[in-house]
Each structure stands twice: as structure tokens, then as C-alpha cells.
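Working notes, structure below.
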Amino acid sequence: MHLTRLALTDFRSYPAADVRLEPGVTTFTGANGQGKTNLVEAACYVATFGSHRVAADAPLVRHGAERAIIRAAVAGAVRDSLVEIEVNPGRANRVRLNRVPLPRPREALGVLSCVLFAPEDLAVVKGDPDQRRRYLDDLLVALRPRYAGVRSDYERIVRQRSALLKSARARGGGIPRGLEVWDDQLVATGAELTAGRVDLVRSIRPHVARAYSAVSGTASDSALRYRPSFRGENEPDPEPGQLAAALREELAHRQGAELDRGVCLVGPHRDELELSIGGLPARGYASLRLAAFEVLRADGEDPVLILDDVFAELDAGRRGRLAELVAGAEQVLVTAAVGEDVPPELSGARFTVAQGEVISG
């Protein structure tokens with residue numbers, strides 16, 4: 001698949017922008033702060049309904065505007081699609097697919113798939129485990145859009161269950177009424193989400209090993225492991241029944257601690273994804289992105305590959321090897337402050353971004 005058009009209204013720094021795109025490589029160059037990343041952020045928002053830069057939608061709307069609009073035309077192997085998103089901070093977003101309003105925005109997930117390389121990736125390998133969980137969940141939804149509902153349901157259950165535990169703690173402790181009902185829901189939905197994640201880790205593991213070696217230029221023994229919040233050192237089997245039993249056992253074991261602390265301590269929101277090279281924690285997050293690309297590609301169509309200001313951070317060897325690996329993608333969108341940072345393997349269409357305008361050539 002590939003984007004053929006990306007049009008923005010009051011999105012970030014753009015009062016209006018309309019960019020026509022072709023397959024192959026497209027590079028956006030310009031000084032920092034001119035809006036290059038805003039363009040690719042909008043493309044990724046169409047794919048995920050979320051930003052890789054901020055947690056809330058309010059910063060996506062241009063100052064002084066009430067809402068932002070993203071229109072993306074997507075050419076796929078089977079059909080062409082037009083996705084229109086009205087971003088409404090504090091209110092429900094509106095989504096139209098081929099000009100038909102959708103009752104649930106997530107029904108448009110899967111029309112566009114993107115894999116993004118960005119400076120923010122450093123937070124994934126150095127930051128909190130929730131960044132690595134998000135990597136897994138975003139890829140899981142891209143592969144199987146139905147997991148968007150599973151993920152949303154699980155997050156709602158954790159919020160409600162945590163509020164109940166917190167309320168019980170404030171009242172002086174004791175098992176609150178209704179906790180068993182929330183336990184049942186957490187077990188059922190948590191087991192389904194965990195099973196999807198574990199199965200995904202098994203799928204991407206060989207791709208991660210190959211990608212790390214290809215980018216680094218060295219042979220290495222990489223290891224990718226999913227570590228659950230329940231007891232046991234081994235990666236669990238992705239069988240929902242077994243996972244549900246393990247979750248239920250761990251909930252019973254940790255109930256006292258949960259009541260004492262007023263927080264939910266068990267479930268996939270506490271799990272960890274571990275990547276190591278030679279037995280040591282790895283910093284090779286590019287290998288995770290490349291693995292995501294290969295898994296999505298094997299599922300049917302090439303996702304749009306986005307490299308947002310990544311080449312300036314790499315030495316010449318890694319820069320060239322990464323370019324060789326991604327050059328064959330159906331569509332590659334690159335941003336760079338300096339055009340010379342983009343390797344010659346990624347020649348193609350060029351746009352200059354300056355003062356809120358996107359100029360071809």
C-alpha cells in the first residue's frame with residue numbers, strides 16, 4: 001500500500017497543506033521546527049489514531065483552531081480508500097471512510113499501515129516498560145485490527161478496577177464489593193491480549209535477530225523475551241486458557257498487596273518486553289522497527305515506511321546499511337534537516353518544508 005495524497009487543515013503548524021505522493025522514496029527537507037515531522041505524524045495518526053509524540057490530541061490542533069482535519073488517500077492492492085479524520089480535543093473524533101461516517105473510528109484501522117523510525121524510539125529502549133508494551137500493541141493492532149477493541153476494553157477494565165481498589169484503600173481496606181466481577185473481566189481480556197502479544201513476539205523474534213545483524217554489520221546472538229507479571233521466569237505459552245488460569249492464580253496471590261497499595265498489580269499492563277544482545281540489554285531499537293516492517297509485509301502488503309530524522313544520528317556505515325534494507329519498500333517517507341544526510345540509495349521525489357509550506361522540488 002502507499003499514500004497518494006495527504007491533506008491537512010489546522011493540524012499542528014499547518015493552516016492548510018496538500019501533498020501528492022507516489023510510490024518509492026519521498027524526502028522532506030527543511031530546518032528544524034518547520035513542520036517536517038508534523039507531516040509524517042499525521043500519516044501515522046491515520047494508521048494508529050494516536051501520535052508517537054504526545055499522549056493527548058490537543059497539541060495536534062493548530063493554536064486558535066477548534067479542530068484539525070486529516071485526509072489521506074491510500075492505494076491498496078485490492079482497493080483505494082479515502083480516510084478523513086476530524087480531531088476534536090475533549091470530544092469524540094469523527095472518522096469517515098470513503099465519505100461514509102463510521103460509528104466507531106477504529107473501524108478504519110488497517111486501511112493504512114505505517115512503520116515509523118523516529119528519535120523518540122530512544123525512549124523505548126531506555127524508558128519505562130510501557131513504551132515497549134505500546135510497541136507490541138501497536139504492531140498487534142496493525143496486524144489484527146480487532147485487537148484495538150481488546151486493548152481498549154482491557155485499559156477500561158484496569159482503570160475501573162484500580163479505582164475500586166483505591167476507593168477501598170481510602171475506606172480503610174477490606175475486599176470491596178464487586179471486585180470479583182472486575183477480576184473475571186481482567187482475567188478474560190488480559191489473557192486474550194497476552195496471548196496475542198506472546199504469539200507476536202514469537203513471530204518477530206527471528207526478524208529482530210536478522211535486522212540487528214544487518215544494521216550493525218556484526219553477527220550477534222540477540223534474544224527477545226516476553227516476561228509476564230505473574231510468577232515464572234519462562235515466556236508463557238500463548239494459550240488463552242493457560243494464561244487465564246495463571247492470571248487468576250496471581251490475582252489471588254497478590255490480592256493483599258493490591259488492597260494495601262490501592263493499585264492493580266497483575267495483568268498485561270505490568271508485563272515487559274526484553275531485548276538483549278549477547279546477554280546484555282540492547283539499544284538496537286531499529287531492529288524492532290525493521291522486524292515490524294517484515295512481519296507486516298509478510299501479512300500481505302508493504303506498510304508505509306517512515307524515517308523521521310534518523311540518519312543524522314547514525315554513522316556512515318549504519319546509515320548506508322539501513323538505507324539498503326529499506327530502499328525496496330513500496331513507499332518510504334524520509335525527513336531530514338540536511339538533504340546530504342539522506343543516503344544516495346534513497347533517491348526519489350523531494351519536497352522542501354519552510355514556514356508552513358510544502359514545496360515540490
Could you go through the salt bridge (Lys or Arg N to Asp or Glu O under 4.0 Å) check for Glu235 and Arg225 one step at a time? CA-CA 7 Å; Glu235 184 176 279; Arg225 185 169 77 104; over 6 Å; no

If you apply the rule salt bridge (Lys or Arg N to Asp or Glu O under 4.0 Å), what do you find for Arg146 with Glu192, and how did you get there? CA-CA 11 Å; Arg146 75 172 186 84; Glu192 186 176 6; 2.7 Å; yes

Carboxylate-amine/guanidinium contact Arg71 Asp18, below 4.0 Å: no

Is there a donor-acceptor contact under 3.5 Å from the side chain of Gln331 to the main chain of Glu22? yes

Indicate yes or no for a side-chain donor-acceptor contact from Glu272 to the backbone of Glu274 under 3.5 Å, with no hydrogens or angles considered.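 Such a contact is absent between Glu272 side chain and Glu274 backbone.
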
Could you tabulate the donor-acceptor pairs under 3.5 Å formed by side-chain atoms of residues 154-161, not counting sequence neighbours?
residue : atom : partner : partner atom : Å
Tyr154  : OH   : His269  : ND1          : 2.7
Arg161  : NE   : Asp183  : OD1          : 2.7
Arg161  : NH1  : Glu258  : OE1          : 3.2
Arg161  : NH1  : Glu258  : OE2          : 3.1
Arg161  : NH2  : Asp183  : OD1          : 2.9
Arg161  : NH2  : Glu258  : OE1          : 2.7

In the structure I gave you, are the side-chain heavy atoms of Ser51 and Leu60 within less than 4.5 Å of one another anywhere? yes

Taking the side chain as every heavy atom from C-beta outward, state whether Leu179 and Gln255 have any pair of such atoms under 4.5 Å apart. yes

Residue pair [X] / [Y], side-chain donor-acceptor N/O under 3.5 Å:
X: Asp153; Y: Thr189; answer: no
X: Ser229; Y: Asp271; answer: yes
X: Asn38; Y: Tyr14; answer: no

With a sphere of 6.0 Å drawn around CD of Glu107, does it hold more than 12 non-hydrogen atoms of other residues, nucleotides or ligands? yes

Out of curiosity, [X] [atom1] to [Y] [atom2], how far, rounded to the nearest 0.5 Å?
X: His207; Y: Leu288; atom1: NE2; atom2: CG; answer: 12.5 Å
X: His2; Y: Leu305; atom1: NE2; atom2: CG; answer: 15.0 Å
X: Phe28; Y: Asp309; atom1: CZ; atom2: CG; answer: 14.0 Å

Do any pairs count as a salt bridge (Lys or Arg N to Asp or Glu O under 4.0 Å) and have a residue in residues 165-174, sequence neighbours left out, and if so which ones?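 Salt bridge (Lys or Arg N to Asp or Glu O under 4.0 Å) check on residues 165-174 returns no pairs.
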
I need the full list of salt bridge (Lys or Arg N to Asp or Glu O under 4.0 Å) pairs touching residues 51-67, with sequence neighbours left out, sorted by first then second residue.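 Salt bridge (Lys or Arg N to Asp or Glu O under 4.0 Å) check on residues 51-67 returns Asp10-Arg62, Glu41-Arg53, Arg67-Glu86.
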
